[in-house]
Amino acid sequence: METETYDAIVVGSGISGGWAAKELTEKGLKVLLLERGRNIEHISGYATALTPPWQVPHRGKVTQQQHSDHPVLRRDYVLNEMNLSYWADEKECPYEEKKPFDWFRGYHVGGRSLTWGRQSYRWSDLDFEANAKEGVGTDWPIRYADISSWYDYVETHAGISGSLEGLPQLPDGKFLPPMELNCVEKDVAARIKKHFNDSRRMIIGRVANLTQPLASRVNCQYRNKCWLGCPFGGYFSTQSSTLPPAMKTGNLTLRPFSIVTRVVYDKNTMKARGVEILDAETKQTYEFKSKIVFLCASAFNSTWVLMNSATDLWPEGLGSSSGELGHNVMDHHFRCGASGHVEGYEDKIVFGRRPNGFYIPRFQNLPGGEKRTYTRGFGYQGGASREGWSREIAELGIGAPLKEELREPGQWMIGMTAFGETLPYHDNRISLNRDKRDKWGLPVLAIDCEIRENEKKMRADMMDNGAEMLEAAGVKQVKKTDSGYTFGQGIHEMGCARMGRDPKTSVLNSHNQVWDAKNVFVTDGACMASAACVNPSLTYMALTARAADFAVSELKKGNI
């Protein structure tokens, strides 16, 4: 077994891992960044980003063979010929579903920072205080004041475009100029604002797409092909935003094809001395030593590493002394809302392909606002557009009249999908199944999660309120929509190594340190004590930058 020594090891190169690498190297530490999958170079690695669909063998559609080869990916939109290599192969990396769970992963440098939806929202004190006020889960050990300046910091570097709204439940940030609502969205927004006396508001999405050049990155080109990788650097990813400055320091070593199998724990010092990896290509084992370890491999994979570490002392793994490791799994439940037709804009059409939509912030269960029969709430994401050439025209099924009709854009449609908070239920959990192994002989995760009555009540409101707003705005033929939700489909898995105030009820402290090994930090979705209803990635960025600053300070003081 070969051994090398670094100041810090970062496990995982996605949104959190990229930020950890940037912050630690810029503060002078020699850092090893470990990624279990292949490297993808910025610009040159985005194989299909500039490829028109007619030059792709199957025009980007799913073949029967691909459908057969990917039994999990085929459940949703993620299965696509043009970026299939950005998703983990579930046959090589299986998992056990004790209850239905759609786990969509990206095992390569950059991880899901190459494919994320880029919606970027701050939490408010309403979110950080909810657990304590309602007696749910465990109290967050931080409040908005503890993280506000770190939101400022990461927004400024990442480049978040958005509008200033002055909403207490959705704090404003350091934004680039906002993208623009289209003509239909503006009119619908105005009518909703008036009808509901500004208690409900439709705004442009706050999104990690540049509306102005930033550093070496070019502003968004309105191609709406972000999911293929952006050679312009128009949206935030590890490749475009955090890896370049980390590399520039000369302090970073990037090692792809490195599956971290465990944190190596020293029971005498009660600290980690590094990590053990399995080379994904050669299957050789290596140990790397470091003073601190940042686990940023995504919520489930970071938890997997902890569960497989120090099992001689804690049978359930490092960080399990509280009994909470692997528990309290959360996601955002969605795929329901409302849609309808909009009349009166037949002479208008959208120019460009805006990679963003509108957002309707949470308006339920706010102080002094609308109270519901469930706790917490939801927000909507959506958009308005004209139907394209693929629309169905029942009375014109074939021939020249059909072709003639499809030369013109169809009618205007508007739709919205709600994203709702899932509570941190203790028995929503993941665990190691050591009887089932992956391609490399490693135990797989067993996932046992489901939504409960609170979320089901919320889903009825998601549809009713969506239809209510569209009808109030004069939208025609309004329909409530529910495409069905399977846990995991939100791709926002969170909570299985939660932060807290007490080592008896949480895995991590207020600085994302593992209570049982204070030189081990977890800053991805695993650390979340609750889910809020907004997309979580901006909060991961802020927590990671904050934890890295603390870790370096403590290292210099000799405390870790």
Side-chain angles (χ1 to χ4, degrees), residues 12 14-16 72 75-76 88 90 93-105 112 127 130-131 134 136-140 295-308 316-320 322-335 375-376 378 419-433 443-456 458-459 485-500 505-508 512 514 522-537 539-540 543:
I15 286 176
S16 301
V72 176
R75 299 176 187 175
D76 212 338
E90 59 267 52
C93 310
Y95 62 100
E96 179 187 357
E97 297 178 77
K98 292 192 173 182
K99 294 185 180 74
F101 192 100
D102 294 351
W103 191 15
F104 304 131
R105 300 155 282 168
R112 287 178 296 194
D127 302 306
N131 281 0
E134 298 171 6
V136 172
T138 193
D139 184 19
W140 274 91
L295 294 180
C296 303
S298 79
F300 285 4
N301 285 310
S302 290
T303 303
W304 183 100
V305 172
L306 289 172
M307 288 176 168
N308 207 44
E316 300 302 317
L318 178 62
S320 66
S322 65
E324 297 298 334
L325 184 66
H327 293 269
N328 315 296
V329 174
M330 298 168 286
D331 184 31
H332 287 128
H333 63 102
F334 71 126
R335 290 168 60 90
T375 189
R376 313 292 168 97
F378 55 86
F419 284 74
E421 180 167 358
T422 300
L423 295 178
Y425 302 106
H426 179 78
D427 50 352
N428 274 351
R429 64 171 302 193
I430 60 174
S431 57
L432 285 189
N433 181 347
V444 306
L445 280 178
I447 305 175
D448 188 0
C449 304
E450 62 183 348
I451 60 172
R452 311 297 166 86
E453 286 307 307
N454 195 70
E455 292 77 35
K456 291 175 182 177
M458 191 185 296
R459 292 181 71 78
Y485 166 76
T486 301
F487 217 113
Q489 281 184 322
I491 323 184
H492 294 165
E493 60 268 20
M494 294 175 269
C496 31
R498 70 185 183 188
M499 297 171 70
T505 58
S506 58
V507 179
L508 311 172
N512 297 82
V514 176
V522 183
T523 65
D524 55 25
C527 76
M528 306 294 273
S530 62
C533 68
V534 297
N535 301 56
S537 296
T539 299
Y540 303 165
L543 288 173

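We number each residue from 1, following the sequence as shown. When reading the values below, keep in mind they use all heavy atoms of this one structure, side chains included, and skip hydrogens, waters and symmetry mates.
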Between [X] (side chain) and [Y] (backbone), is there a donor-acceptor pair under 3.5 Å?
| X | Y | value |
| --- | --- | --- |
| Arg335 | Phe419 | no |
| Ser322 | Thr505 | no |
| Asn131 | Thr138 | yes |
| Trp304 | Pro443 | yes |
| His332 | Ala532 | yes |
| Asp102 | Thr486 | no |

Salt bridge [X]-[Y], side-chain N to carboxylate O under 4.0 Å:
| X | Y | value |
| --- | --- | --- |
| Arg75 | Glu97 | yes |
| Asp448 | Lys99 | yes |
| Arg376 | Glu134 | yes |
| Arg112 | Glu493 | yes |

Going by distance alone, is a donor N or O of one side chain under 3.5 Å from an acceptor N or O of the other, for [X] and [Y]?
| X | Y | answer |
| --- | --- | --- |
| Asn428 | Arg452 | yes |
| Glu455 | Thr422 | no |
| Ser298 | Asp524 | no |
| His426 | Glu324 | yes |
| Tyr95 | Asn433 | no |

query: Would one find more than 12 heavy atoms of other residues, nucleotides or ligands at under 6.0 Å from atom CD of Glu316?
result: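 No, because the 6.0 Å sphere around CD of Glu316 holds 12 heavy atoms or fewer from other groups.
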- request: Check whether the ring centres of Phe101 and Phe300 lie less than 6.0 Å apart, and answer yes or no.
  value: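 They qualify: ring centres under 6.0 Å apart.
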message: For Thr375 and Leu423: C-alpha separation, side-chain torsions, deciding distance, then whether side chain to side chain contact (heavy atoms under 4.5 Å, CB included) applies.
response: CA-CA 9 Å; Thr375 189; Leu423 295 178; 3.7 Å; yes
query: Where do Phe487 and Met330 come nearest, in terms of heavy atoms and distance?
result: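 Reported closest heavy-atom pair: CE2-C, 3.9 Å.
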message: Please find the pair of heavy atoms, one from Ala299 and one from Cys496, that lie closest to each other, and give the distance.
response: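 Scanning both residues completely, I find the closest heavy atoms to be O-SG, 3.6 Å.
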task: Might you work through the side chain to side chain contact (heavy atoms under 4.5 Å, CB included) test for Leu445 and Glu96, ending with a clear yes or no?
output: CA-CA 6 Å; Leu445 280 178; Glu96 179 187 357; over 6 Å; no
query: Can you tell if the side chain of Pro424 reaches within under 4.5 Å of the side chain of Val136, non-hydrogen atoms only?
result: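 Yes, their side chains come closer than 4.5 Å.
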field: His327/Tyr425 under side chain to side chain contact (heavy atoms under 4.5 Å, CB included): CA gap, chis, key distance, verdict
entry: CA-CA 8 Å; His327 293 269; Tyr425 302 106; over 6 Å; no
query: Going through the distances and angles, do Glu421 and Phe378 end up as a side chain to side chain contact (heavy atoms under 4.5 Å, CB included)?
result: CA-CA 6 Å; Glu421 180 167 358; Phe378 55 86; over 6 Å; no
